[in-house]
Amino acid sequence: MKKMICLLAAMAFISCDYQYNNFKITGISMHAVTLSDSVNSKKKYYLIGFTTVLCHSKFTLFGGGVEPGLKGIDERIKSIEIYTRNGKTISSHFKGWRASLEGSISDGTADYSYLSSSNIRELVNSINDRDRQGVGERIKFRRLFYTNSDDIPYKIVIRFNKRKINSKVINEEEKYKVISAAHS
């Protein structure tokens with residue numbers, strides 16, 4: 001009987017794992033891309049990506065099988081701003097698609113999932129409101145935006161209540177090909 005209880009206790013303990021409810025954004029990146037399917041377009045395309053760490057863990061029975069970060073971001077984003085070298089704010093120049101767009105792109109060596117929102121403000125709202133685009137593993141998907149402006153982005157800044165993250169924009173275009181795209 002003792003062996004059975006010890007065995008059950010050991011199985012329960014082995015079945016426990018950490019479940020991470022939230023994530024924290026620790027970095028942001030933005031780089032220019034050329035989509036081989038849209039070479040004749042006058043639009044300039046950019047991918048925005050987030051670096052995250054998981055946080056607010058709890059030890060639970062069978063917790064390891066749940067997608068991490070499903071309760072969303074741990075602190076609200078105040079804004080994401082894009083600046084030129086002269087300090088001019090050009091965030092409003094960056095557009096996405098009216099309906100949520102998701103798909104896959106490839107640089108020839110690896111495939112990447114991407115999402116898009118209609119504009120930068122909508123991206124911030126979707127993350128803060130914990131929409132499906134902004135929770136779980138999807139926060140790591142790159143975001144695809146375009147601009148028709150001649151202004152060249154120099155820096156991207158993500159602001160929170162008590163901190164901000166700055167990153168220089170990479171304007172050397174990387175070539176990608178769209179593998180799939182679907183409006184959700």
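Looking at D151 and K88, a side-chain N of the basic residue comes within less than 4.0 Å of a carboxylate O on the acidic one, giving a salt bridge. At a threshold of 4.0 Å, the pair K155-E81 does not count as salt-bridged, since none of the basic side-chain nitrogens sits closer than that to a carboxylate oxygen.
Without hydrogens or angle criteria, N166 side chain to I156 main chain gives no donor-acceptor distance under 3.5 Å. A donor-acceptor contact shorter than 3.5 Å is absent between the side chain of N125 and the backbone of N128. The main-chain N or O of G72 is found under 3.5 Å from a side-chain atom of N22 such that the two form a donor-acceptor pair. Proximity of a side-chain donor or acceptor of K44 to a complementary backbone N or O of S149 within less than 3.5 Å is detected. Of the possible polar contacts, none joining the S126 side chain to the D131 backbone as a donor-acceptor pair under 3.5 Å is found. The backbone N or O of L144 sits less than 3.5 Å from a side-chain atom of S116, completing a donor-acceptor pair.
In this structure, the separation between CD1 on I90 and OG1 on T147 is 6.5 Å, given to the nearest 0.5 Å. With rounding to the nearest 0.5 angstrom, the OG atom of S167 is 11.0 Å from the OH atom of Y154. The distance from the CE atom of M30 to the NZ atom of K168 is 13.5 Å, given to the nearest 0.5 Å. Taking NE2 of H93 as the reference point, atom CG of D150 lies at 10.5 Å (rounded to 0.5 Å). To the nearest 0.5 Å, the span separating CD1 on I25 from OG1 on T51 amounts to 9.5 Å. Atom CG of D129 and atom CZ of R76 lie 6.0 Å apart (nearest 0.5 Å).
Applying the side-chain hydrogen bond (donor to acceptor under 3.5 Å, both in side chains) criterion to Y176, with sequence neighbours excluded, gives R142, E174. Partners of S92 according to the side-chain hydrogen bond (donor to acceptor under 3.5 Å, both in side chains) rule, which considers only residues two or more places apart in sequence or in another chain, do not exist here. Scanning for ring-ring contact (aromatic ring centres under 6.0 Å, His included) contacts around F94 gives Y46, with sequence neighbours left out.
Linking Ile, Leu, Val, Met, Phe, Trp and Tyr residues whenever their side-chain heavy atoms come within less than 4.5 Å places L47 and V178 in a single cluster. Linking Ile, Leu, Val, Met, Phe, Trp and Tyr whenever their side-chain heavy atoms come within less than 4.5 Å leaves F141 and I48 in two separate clusters. Clustering ILVMFWY residues whenever any of their side-chain heavy atoms sit less than 4.5 angstrom apart, transitively, puts L115 in a cluster other than the one holding F145.
Cation-pi geometry between R163 and F160 is met: the NZ or CZ atom falls under 6.0 Å from the ring centre, inside 45° of the normal.
Residues T52 and K24 fail the side-chain proximity criterion, which asks for heavy atoms closer than 4.5 Å. In this structure, I80 and I28 have side chains that are in contact, with non-hydrogen atoms separated by less than 4.5 Å. Between I82 and I120 the shortest side-chain heavy-atom distance falls below 4.5 Å. With a 4.5 Å cut-off on side-chain heavy atoms, K58 and N21 count as touching. By the 4.5 Å heavy-atom criterion applied to side chains, R143 and L123 are counted as neighbours. Using a 4.5 Å heavy-atom cutoff, the side chains of I77 and I158 are in contact. Counting only heavy atoms from C-beta outward, the side chains of Q19 and S57 never approach each other to under 4.5 Å. The side-chain heavy atoms of K177 and I105, taken from C-beta on, include no pair separated by under 4.5 Å.
Residue pairs that meet the salt bridge (Lys or Arg N to Asp or Glu O under 4.0 Å) test with at least one member in residues 110-125, sequence neighbours left out, do not exist here.
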Hey, mind stepping through I73 and F23 against side-chain contact (heavy atoms from CB on, under 4.5 Å) and telling me if it holds? CA-CA 5 Å; I73 194 165; F23 59 85; 3.8 Å; yes
Evaluate side-chain contact (heavy atoms from CB on, under 4.5 Å) for K175 paired with V33, printing each intermediate quantity in order. CA-CA 6 Å; K175 293 183 181 181; V33 296; over 6 Å; no
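Alongside I170, the hydrophobic cluster contains no other residue (criterion: ILVMFWY side chains under 4.5 Å). Apart from V157 itself, the hydrophobic cluster it occupies contains Y83, where clustering links Ile, Leu, Val, Met, Phe, Trp and Tyr at side-chain heavy-atom distances under 4.5 Å.
In the model, N86 has no side-chain atom that pairs as donor or acceptor with a side-chain atom of T84 under 3.5 Å.
Taking the six-membered ring for Trp and the full ring otherwise, Y146 and W97 have centroids separated by under 6.0 Å.
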